[in-house]
Protein chains: 2
Amino acid sequence: MASPELLRGTLVTILLNLLAENGRMYGYEMVQSVRERSNGAFELTEGAIYPALHKLEADGLVLTERVVVGKRERKYYSLTPSGSEASVNKVSEFKEYVQAMALLLNPINLAK
Amino acid sequence: MASPELLRGTLVTILLNLLAENGRMYGYEMVQSVRERSNGAFELTEGAIYPALHKLEADGLVLTERVVVGKRERKYYSLTPSGSEASVNKVSEFKEYVQAMALLLNPINLAK
DNA sequence: AGTTATGCCTAAAATTCTTAGGTAAATATT
DNA sequence: AATATTTACCTAAGAATTTTAGGCATAACT
């Protein structure tokens with residue numbers, strides 16, 4: 001259960017990257033996927049991801065399609081071309097950020 | 001330069017760690033120090049750090065002493081015992097966070 | 001029949017940060 | 001000598017993002 005507040009600013013990176021990897025996902029699925037793949041470290045909340053996904057759609061980075069499964073509807077998200085670009089950019093920004101943080105944090109602590 | 005929005009949630013970690021390393025610093029000095037040590041990647045803003053430092057003081061994690069240099073005053077911050085604890089905790093939380101992110105982000109991208 | 005899981009959503013409040021200032025002294029520049 | 005830049009502190013309005021706390025409905029499990 002590490003660091004809920006560190007997710008701040010990383011949520012969009014995670015969402016875009018999930019879609020880049022999986023091609024097509026729906027919101028609920030993203031929550032499950034992140035929980036499993038992070039070994040429970042990250043627990044996305046629906047109150048956070050749905051507004052974030054809607055903003056990505058408004059910004060033209062993702063598009064949606066509604067698919068009826070049984071009698072319920074899923075809303076699948078997938079990347080647009082600019083979304084794919086943004087995904088790559090976000091991930092490399094994150095890497096730069098981690099490298100810069102490594103310069104700042106105590107080397108002794110980092111070695112541990 | 002890189003990733004201003006990623007600093008969200010990391011500012012306190014950076015500040016506490018700076019103090020853990022340097023013992024005693026003043027606000028303006030922290031801004032310079034972070035700029036230099038991150039090779040310009042991180043540019044802390046005073047509008048962000050002063051409220052953050054004041055909150056740390058209110059929470060008992062840092063204490064302050066005013067030192068007159070010439071005719072101007074500097075306000076030095078240093079860690080209290082709970083501040084030292086918090087510093088260690090924040091840094092290890094950050095490391096866990098980075099490890100969890102590594103699990104999530106595309107291995108192909110990470111290899112680049 | 002009732003609880004849990006699936007699946008979407010929103011809105012108020014809290015938190016954190018940016019932006020855009022203000023104040024004042026010291027130093028550098030023209 | 002006047003001006004600009006750097007040093008050094010600060011605040012407050014607004015933006016952005018997230019938490020909290022719900023609502024709604026179907027499906028599956030007990």
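Side chains included, hydrogens not; waters and symmetry mates left out as well; all remaining heavy atoms used. Numbers restart at 1 for each chain; the letters A, B, ... are given by sequence-line order, proteins then strands.
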* Asked: Which residues pass the salt bridge (charged side-chain N to carboxylate O under 4.0 Å, His left out) test with A:Glu57, sequence neighbours left out?
  ->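 For A:Glu57 there are no salt bridge (charged side-chain N to carboxylate O under 4.0 Å, His left out) partners, ignoring immediate neighbours.
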
* Can you list the residues that meet the salt bridge (charged side-chain N to carboxylate O under 4.0 Å, His left out) rule with A:Arg35, with sequence neighbours excluded? ->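 So A:Arg35 forms a salt bridge (charged side-chain N to carboxylate O under 4.0 Å, His left out) with A:Glu43.
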
Without decimals, in angstroms, what is the distance between [X] [atom1] and [N] [atom2]?
X	N	atom1	atom2	answer
A:Glu57	C:dC8	CD	P	13 Å
A:Leu44	D:dT20	CG	P	14 Å
A:Ile49	C:dG7	CD1	C1'	10 Å
B:Ile14	C:dT16	CD1	P	14 Å
A:Lys71	D:dA27	NZ	P	5 Å

* Just how far is it from atom CG of B:Leu15 to atom OG of B:Ser87, taken to the nearest 0.5 Å? ->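 Answer for the CG-OG pair, B:Leu15 versus B:Ser87, is 10.5 Å.
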
* Which residues pass the side chain to side chain donor-acceptor pair (under 3.5 Å) test with A:Ser84, sequence neighbours left out? ->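 Listed in chain order: nothing, the list is empty.
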
* Pairs touching residues 6-39 of chain B that satisfy ring-ring contact (aromatic ring centres under 6.0 Å, His included), sequence neighbours left out ->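 Non-adjacent pairs meeting ring-ring contact (aromatic ring centres under 6.0 Å, His included): B:Tyr26-B:Tyr76.
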
* All pairs passing salt bridge (charged side-chain N to carboxylate O under 4.0 Å, His left out) where residues 58-78 of chain A contributes a residue, at least two apart ->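 Listed by first then second residue: A:Arg24-A:Glu65, A:Lys55-A:Asp59, A:Arg66-A:Glu73.
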
* To do: Could you run through nucleotides 1-15 of chain D and give me one letter per nucleotide, 5' to 3': B if any protein heavy atom sits under 4.0 Å from the base, S if only the sugar-phosphate is that close, - if neither?
  => -----SBBBBB----

